[in-house]
Amino acid sequence: MNTWFVGAGILGVLVMLIHLFLGGREIARPTLNDGDMPSVVRYTNYFCWHLVTLSLGLMSAGFFYSAFPQTPVAPAVAALLFASAAAFLCLGVNFRFSLKQAHHPQWLLFLPIAAAGAIGIFQ
């Protein structure tokens, strides 16, 4: 069993739970309750929030699936690419809009997942 993939999967589940509970309370719920925001924007944002939840779950599932012997490594590669892209996207948004890393630190959540996945692939 590839323990690095298991670790990446567990980290992914933890990030998904943070997203669900903290993100739900701090981001999704206030967005839905913002009566000044146009409804199309409000519900599109809420839909995208759920897409992120699904993506985090699929990323974790890819790592878990590939952790077993005799299973393809391709799902873990896809999960690694997603985690890496998410980290770089966050850093890019921070840079582009001059955001403080402490106010938008999601890249720090994806970096350990990508690192564990990369070690699992190249071990």
Side-chain angles (χ1 to χ4, degrees):
M1 177 169 284
N2 189 322
T3 56
W4 289 103
F5 287 166
V6 172
I10 290 170
L11 290 171
V13 168
L14 291 174
V15 170
M16 186 178 72
L17 292 173
I18 291 168
H19 171 77
L20 276 171
F21 293 104
L22 185 60
R25 185 181 76 226
E26 299 291 325
I27 305 297
R29 195 176 308 140
T31 300
L32 280 177
N33 294 332
D34 186 348
D36 293 331
M37 187 181 296
S39 63
V40 170
V41 174
R42 185 171 57 239
Y43 294 120
T44 300
N45 189 3
Y46 189 61
F47 172 71
C48 290
W49 184 80
H50 283 294
L51 285 177
V52 170
T53 306
L54 289 171
S55 298
L56 292 169
L58 289 171
M59 175 189 66
S60 299
F63 282 123
F64 285 133
Y65 178 78
S66 293
F68 294 99
Q70 310 304 318
T71 56
V73 73
V77 172
L80 169 61
L81 291 173
F82 176 80
S84 301
F88 284 110
L89 175 63
C90 183
L91 286 169
V93 168
N94 288 353
F95 178 75
R96 168 66 176 88
F97 295 104
S98 301
L99 301 174
K100 294 181 181 179
Q101 300 298 336
H103 294 152
H104 198 237
Q106 291 86 342
W107 67 275
L108 286 171
L109 297 172
F110 287 101
L111 196 60
I113 297 169
I119 293 169
I121 288 170
F122 297 110
Q123 72 172 356

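Every heavy atom of this structure was used, including side-chain atoms; hydrogens, water molecules and symmetry mates were not. All values reported here derive from a predicted model rather than from experimental measurement.
- Residues Pro75 and Phe64 have side chains not in contact (no heavy-atom distance under 4.5 Å, counting atoms from C-beta outward).
- Side-chain heavy atoms closer than 4.5 Å link hydrophobic residues (I, L, V, M, F, W, Y) into clusters, and following such links, possibly through other members, connects Leu56 to Leu22.
- Two residues are said to be in side-chain contact when any heavy atoms from C-beta on lie closer than 4.5 Å; Cys90 and Phe110 fail this criterion.
- Nearest heavy-atom pair across Met59 and Ala83 is SD-CB, 3.8 Å.
- Heavy-atom minimum distance, Gly120 versus Asn2: O-ND2, 3.0 Å.
- When hydrophobic clusters are built by joining Ile, Leu, Val, Met, Phe, Trp and Tyr residues whose side-chain heavy atoms come closer than 4.5 Å, directly or via intermediates, Ile119 is not grouped with Phe5.
- Between the side chain of Ser60 and the main chain of Val13, a donor-acceptor pair closer than 3.5 Å is present.
- Across all non-hydrogen atoms, the minimal contact from Met1 to Pro69 is N-CG, 3.9 Å.
- Partners of Pro112 under the side chain to side chain contact (heavy atoms under 4.5 Å, CB included) rule, at least two apart in sequence or in another chain, are Leu11.
- Distance CG/Asp34 to CZ/Arg29: 15.0 Å, rounded to 0.5 Å.
- One hydrophobic cluster, built from ILVMFWY side chains closer than 4.5 Å, holds both Met16 and Ile18.
- Atoms OG1 and CG, on Thr53 and Leu17 in that order, are 10.0 Å from each other to the nearest 0.5 Å.
- Contact record, Phe63 with Gly117: CE2-CA, 3.6 Å, taken as the closest heavy-atom pair.
- Of the options Val15, Leu14, Ile10, Leu80, a side-chain contact (heavy atoms from CB on, under 4.5 Å) to Ile113 is made by Val15 and by none of the others.
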Which donor-acceptor pairs under 3.5 Å do side chains of residues 95-103 form with protein atoms, sequence neighbours excluded?
from	atom 1	to	atom 2	distance (Å)
Gln101	OE1	Asn94	ND2	2.7
Gln101	OE1	Trp107	NE1	2.7

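- In plain terms, the two heavy atoms of Gly35 and Arg42 that are nearest each other are CA-NH1, 4.0 Å.
- Under the 4.5 Å side-chain heavy-atom criterion for Ile, Leu, Val, Met, Phe, Trp and Tyr, Leu111 and Trp4 are members of distinct hydrophobic clusters.
- Residues Val52 and Leu81 share a single hydrophobic cluster, defined by chaining ILVMFWY side chains whose heavy atoms lie under 4.5 Å apart.
- Applying the ring-ring contact (aromatic ring centres under 6.0 Å, His included) test to every pair with at least one member in residues 10-52, sequence neighbours left out, gives these pairs: His19-Trp49, Tyr46-His50.
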